[in-house]
Amino acid sequence: MKSEPGEFSIDDLRKKKKHHWDGVRNFEARNFMRDKMRIGDLVLFYHSNATPSGVVGIAKVASSPYPDFTQWDKASKYFDKKAGEEKPIWFMVDVAFVEQFPRTIKRSELQNTAALKSMALWKRNRLSITPVTKKEFEVIQKLASKTSLA
DNA sequence: GCCAACGTTGGC
DNA sequence: GCCAACGTTGGC
């Protein structure tokens with residue numbers, strides 16, 4: 001799951017311990033959250049639009065999917081006038097802090113790792129939520145404990 | 001700040 | 001239903 005650190009960072013999640021992942025306004029990302037995420041699933045936390053961009057830690061899904069309440073909040077930048085009271089369009093999950101990596105695993109480092117060549121992240125560059133295989137997850141976990149090469 | 005990629009909107 | 005215009009994401 002991607003977030004701009006200026007909006008919401010791994011540090012914010014660490015301090016809050018748990019947070020609702022609001023603001024997803026892309027149908028594919030929404031479907032992924034709504035249909036595939038279940039309590040206890042592990043999540044890679046990715047800082048986008050950052051210096052550097054990359055994976056910074058691990059979180060876990062801490063709620064079932066439920067309607068993103070900001071779609072009904074006129075004061076929110078995520079307000080969506082097409083969302084009816086009874087028929088939400090956008091969904092979110094709560095995520096809980098698990099671990100902050102001792103360093104950022106930079107995008108360039110992920111790109112240079114052979115085992116990560118077919119990550120969905122590369123194909124769907126602009127999606128804020130992309131699936132990660134168990135294998136990929138473990139490879140990235142291993143990278144986290146190593147000293148940076150890239 | 002630029003710009004490529006690409007999703008969304010709306011006219012027809 | 002097509003597709004041009006537009007808006008957004010996010011790397012660089």
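All values below were derived from every heavy atom in this structure, side-chain atoms included, with hydrogens, water molecules and symmetry-related copies excluded. The chains referred to below are lettered A, B, ... by the order of the sequence lines, with proteins before strands, and numbering in each begins at 1.
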Output one letter per nucleotide in nucleotides 3-9 of chain B: B when a protein non-hydrogen atom lies under 4.0 Å from the base, S when only the sugar-phosphate is that close, - when neither is.
--BBSSS
What residues, two or more places apart in sequence or in another chain, satisfy side-chain contact (heavy atoms from CB on, under 4.5 Å) together with A:Thr70?
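A:Thr70: side-chain contact (heavy atoms from CB on, under 4.5 Å) contacts with A:Asp22, A:Arg25, A:Asp68, A:Ser76, A:Tyr78.
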For A:Ser48, all residues meeting side-chain contact (heavy atoms from CB on, under 4.5 Å), sequence neighbours excluded:
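A:Lys2, A:Glu4, A:Tyr46.
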Please name all residues satisfying side-chain hydrogen bond (donor to acceptor under 3.5 Å, both in side chains) with A:Thr133, sequence neighbours left out, ordered by chain then number.
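With sequence neighbours excluded, A:Thr133 shows a side-chain hydrogen bond (donor to acceptor under 3.5 Å, both in side chains) to A:Glu136, given in chain and number order.
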For A:Glu138, all residues meeting side-chain hydrogen bond (donor to acceptor under 3.5 Å, both in side chains), sequence neighbours excluded
A:Lys134
Donor-acceptor pairs under 3.5 Å, side chain of residues 86-96 of chain A to any protein atom, not counting sequence neighbours: which ones?
unit_1: A:Trp90; atom_1: NE1; unit_2: A:Asp80; atom_2: OD2; d: 2.8
unit_1: A:Asp94; atom_1: OD1; unit_2: A:Tyr66; atom_2: OH; d: 2.4

Rounded to whole Å, how long is the line connecting atom CH2 of A:Trp122 with atom C1' of C:dG11?
11 Å
Interatomic distance where NZ belongs to A:Lys106 and C1' belongs to C:dG11 [whole Å]
14 Å
